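Notes for the one structure printed next.
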Amino acid sequence: MSRYEKASTIVTSNRPIDDWPALLGDVVVIAPLLYRLMHHGHLLKFDGRSWRLKHAAERLARRTSNA
Amino acid sequence: MPMTLIDLQKALRGLRLSGMSATLEARALQVAAHEYDFLEAFSWLVQDELDRRRSRLLERRYTGSGLSERASLTALDWSYNPKLPKRDVLELGTLRFLDAREDVLLIGKPGTGKSHVAKALALGSSPSCAARSSSSSTICSCAACPRPPATNSPTS
């Protein structure tokens with residue numbers, strides 16, 4: 001958190017924030033970390049279908065049509 | 001006594017104007033074909049040098065950023081996933097959050113484009129400061145997480 005209010009940090013996670021304490025262990029450590037991240041932060045939720053699955057499906061389709 | 005083309009190119013490279021040196025011959029041909037007058041051709045030469053410097057700078061910063069790919073927001077197919085926060089992402093694309101020293105949390109299911117957006121923002125910010133962003137599937141700002149290289153100090 002040395003970057004707090006000095007530089008921007010981008011964090012990505014596939015777990016909802018509610019799960020973070022359980023995943024990262026110590027609630028005492030996580031709470032202030034999150035507060036600082038969110039203090040001047042933008043929270044964006046990404047939902048919907050997976051690009052990776054789409055790309056994989058396309059590859060599979062190409063392979064079967066070639067065969 | 002005018003220099004030959006080869007001497008000129010050498011001199012330009014000596015002056016660290018390799019962008020001009022590289023296109024000199026082609027520009028000279030254009031002038032010979034009366035496509036441009038001297039000033040027009042010269043301004044193109046200067047533009048060639050500026051273009052090369054800019055692309056080299058971006059190249060260096062991309063290499064130094066440690067990013068694994070050149071992600072871009074323009075390449076995103078928004079129609080595939082209408083649930084994505086398009087407006088918010090494009091707003092972040094203006095990079096105003098960097099000046100405000102604000103942080104960004106991208107939360108969501110695997111494969112929905114979080115890391116792609118993070119990389120695109122990091123690359124987009126490269127003219128001012130590359131490698132502001134570190135990204136992985138789950139990350140915190142503890143000591144174990146990747147840090148930007150020391151050479152890319154934040155702009156003040």
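Nothing here was measured: the structure is a model prediction, and the numbers come from that model. Throughout, protein chains are lettered first and strands after them, A, B, ... in sequence-line order, and every chain is numbered starting at 1. Excluded from the calculations below are hydrogen atoms, water molecules and symmetry mates; all remaining heavy atoms, backbone and side chain alike, are included.
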Counting C-beta onward and ignoring hydrogens, is there a side-chain heavy-atom pair between [X] and [Y] closer than 4.5 Å?
{"X": "B:Asp103", "Y": "A:Ile10", "value": "no"}
{"X": "B:Lys114", "Y": "A:Asn14", "value": "yes"}
{"X": "A:Leu43", "Y": "B:Ile107", "value": "yes"}

message: Using a 3.5 Å distance criterion without hydrogens, assess whether the side chain of A:Ser8 forms a donor-acceptor pair with backbone atoms of B:Glu102.
response: yes
- prompt: Would a distance-only check, ignoring hydrogens and angles, find a side-chain to backbone donor-acceptor pair under 3.5 Å from A:Asp47 to B:Lys83?
  reply: no
query: If you count the non-hydrogen atoms of other residues, nucleotides and ligands that lie under 6.0 Å from CD in B:Glu40, is the total more than 12?
result: yes
- prompt: Do other residues, nucleotides or ligands put more than 12 heavy atoms under 6.0 Å from B:Ile6 CD1?
  reply: no
message: Please classify the contact of A:Leu53 with chain B as side chain, backbone, both or neither, using a heavy-atom distance under 4.5 Å.
response: neither
message: Working to the nearest 0.5 angstrom, can you tell me the gap between B:Arg96 CZ and A:His42 NE2?
response: 9.0 Å
message: Within this structure, what is the OG-CH2 distance for the pair B:Ser115 and A:Trp51, rounded to the nearest 0.5 Å?
response: 14.0 Å
Single-linkage hydrophobic cluster, 4.5 Å side-chain cutoff, [X] and [Y] together:
{"X": "B:Val31", "Y": "B:Phe42", "value": "no"}
{"X": "B:Phe38", "Y": "B:Leu12", "value": "yes"}
{"X": "B:Leu50", "Y": "B:Leu24", "value": "yes"}
{"X": "B:Trp44", "Y": "B:Met20", "value": "no"}

query: Any cation-pi pair here, A:Lys54 with B:Tyr80, using under 6.0 Å and within 45°?
result: yes
- request: Any chance you could lay out the side chain to side chain contact (heavy atoms under 4.5 Å, CB included) test for B:Leu105 and A:Ile17, step after step, and finish with the verdict?
  value: CA-CA 10 Å; B:Leu105 257 81; A:Ile17 288 180; 3.4 Å; yes
field: Toward chain A: residues of residues 85-93 of chain B with heavy atoms under 4.5 Å
entry: B:Pro85, B:Asp88, B:Val89, B:Leu92
